Protein chains: 2
Amino acid sequence: MTKEAAHKEFTSFLKKGDNRITPERFEVLDHAMDYKGHFGADELYIKMRTSNSDISRATVYNTVELLAQCGLVVKRNFGENKTRYESIVNKKLHDHLICTNCGTIKEFSEPKIQKIVKELSVAIGFEPDSYSLNIYGKCTNPNCGQIKNAK
Amino acid sequence: MTKEAAHKEFTSFLKKGDNRITPERFEVLDHAMDYKGHFGADELYIKMRTSNSDISRATVYNTVELLAQCGLVVKRNFGENKTRYESIVNKKLHDHLICTNCGTIKEFSEPKIQKIVKELSVAIGFEPDSYSLNIYGKCTNPNCGQIKNAK
DNA sequence: ATTATTGCAAACGCTTTGCACTCCC
DNA sequence: GGGAGTGCAAAGCGTTTGCAATAAT
């Protein structure tokens, strides 16, 4: 998805919800799309402040939440007691393998799981919007174990 | 599982890891087992303080973590930026449906998912210890929507 | 006796809040 | 012009930390 397309989508989302079109919101969208990998709201705020922007922390927090509602970004949580986000642009749905030794996060995609999640939810009488699957364990990185283990 | 069995298991876990056997640790274990449903470390601390104990916050946090390592308790995270725990005693492995409207958390168990998670991980080259699957969406509770919606 | 564990209070990191100012509609 | 959105700083919440006192080994 191009930035223009994302802007368009965000614009119509904002209008639909009677939210205003402000330059700050698109500034946040742009930086979120530029971010490689997962980011916390505060990291994004810091990144923006150090690059050129004079946006406020509150605005970044608010806007990132709007982006998640809009679907341009997904919310993640890896058990660190902080919310992470990830731009969905140019990415397909995926899940995460988290190494409990070195903290490495590996992504994978498996349509089978998506299918089962959907079927199950409906069977139970639940209208699923999204899901999050994290698998915790040990990765096969040869350097793993020497890294964070020494805490 | 009886409390005695849990005590026994925790005892052998502690010995194996060269941790000491202290009354505080078993006090935490007992209260965790009594807790119906999920609890945060702080909630458990508050509950213990209000019931009779004069345990410290630090000890509860530390011990609950030991219980999780031991496996008598599982760590959960429902995207609230806080760690939740759940006594595994008398419960089988299960996943969660979380209603984004009213906040209700419903449990379900599906061996098919456990099987797929295992297979997938191994195929990717990952040694899985545990996993967490949360499905977010709308529940079918007739009162849902009138409850937390009015935020 | 040695050293892990405890209790306490202060600090921490991420997030939310209150309020005055701004600027989109 | 009215009210949503912004910026700022302070407060909030769950959690972690440092250190002296305590108790398990």
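Here the structure is a predicted model, which is why all the values come from computation and not from measurement.
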| query | If you look at every strand shown and take non-hydrogen atoms under 4.0 Å, does A:Asn81 touch a base, only sugar-phosphate, or nothing? | reply | sugar-phosphate
| query | Can you tell me how far the OH atom of A:Tyr131 sits from the OH atom of B:Tyr136, to the nearest 0.5 Å? | reply | 12.5 Å
| Starting at CG of B:Asp18 and ending at P of C:dT3, how long is that distance when rounded to a whole Å? | 13 Å
| Does A:Glu4 pair with A:Lys8 as a salt bridge, N-O distance under 4.0 Å? | no
| query | Taking B:Tyr85 as the fixed residue, which of B:His38, B:Glu43, B:Glu65 is the one that meets the side-chain hydrogen bond (donor to acceptor under 3.5 Å, both in side chains) rule? | reply | B:Glu65
| request: Establish, with yes or no, whether the OP1 or OP2 oxygen of D:dG7 is under 4.0 angstrom from a side-chain nitrogen or oxygen of A:Thr59. | output: yes
| message | Here's a test of your reading of the structure: between B:Ala41 and A:Ser56, which maps to the more 5' nucleotide of DNA chain D? | response | A:Ser56
| message | With a 4.0 Å cutoff (strictly under), does any side-chain N or O of B:Arg49 reach OP1 or OP2 of C:dG7? | response | no
| request: To the nearest Å, give me how far apart CG (A:Asn62) and P (D:dA4) are. | output: 14 Å
| remark: Heavy-atom nearest nucleotide on DNA chain D taken for A:Pro23 and for B:Tyr85; more 5' hit belongs to A:Pro23
| query | NA contact type, A:Asn19, heavy-atom cut-off 4.0 Å: base, sugar-phosphate, or nothing? | reply | sugar-phosphate
| For A:Tyr61 and D:dG5, what is the distance between atoms OH and P respectively, to the nearest whole Å? | 20 Å
| Base, sugar-phosphate, or nothing for B:Asp54, non-hydrogen atoms under 4.0 angstrom? | sugar-phosphate
| message | Side-chain N or O of B:Thr83 versus OP1/OP2 of D:dT15: is the shortest distance under 4.0 Å? | response | yes
| task | Check for a donor-acceptor pair, side chain of B:Thr50 on one end and backbone N or O of B:Ile46 on the other, with a separation under 3.5 Å. | result | yes
| request: Nearest whole angstrom, please: distance from the P of C:dC8 to the CZ of B:Arg57. | output: 11 Å
| Below 4.0 Å: OP1/OP2 of C:dT6 and any side-chain N or O of B:Thr22 | yes
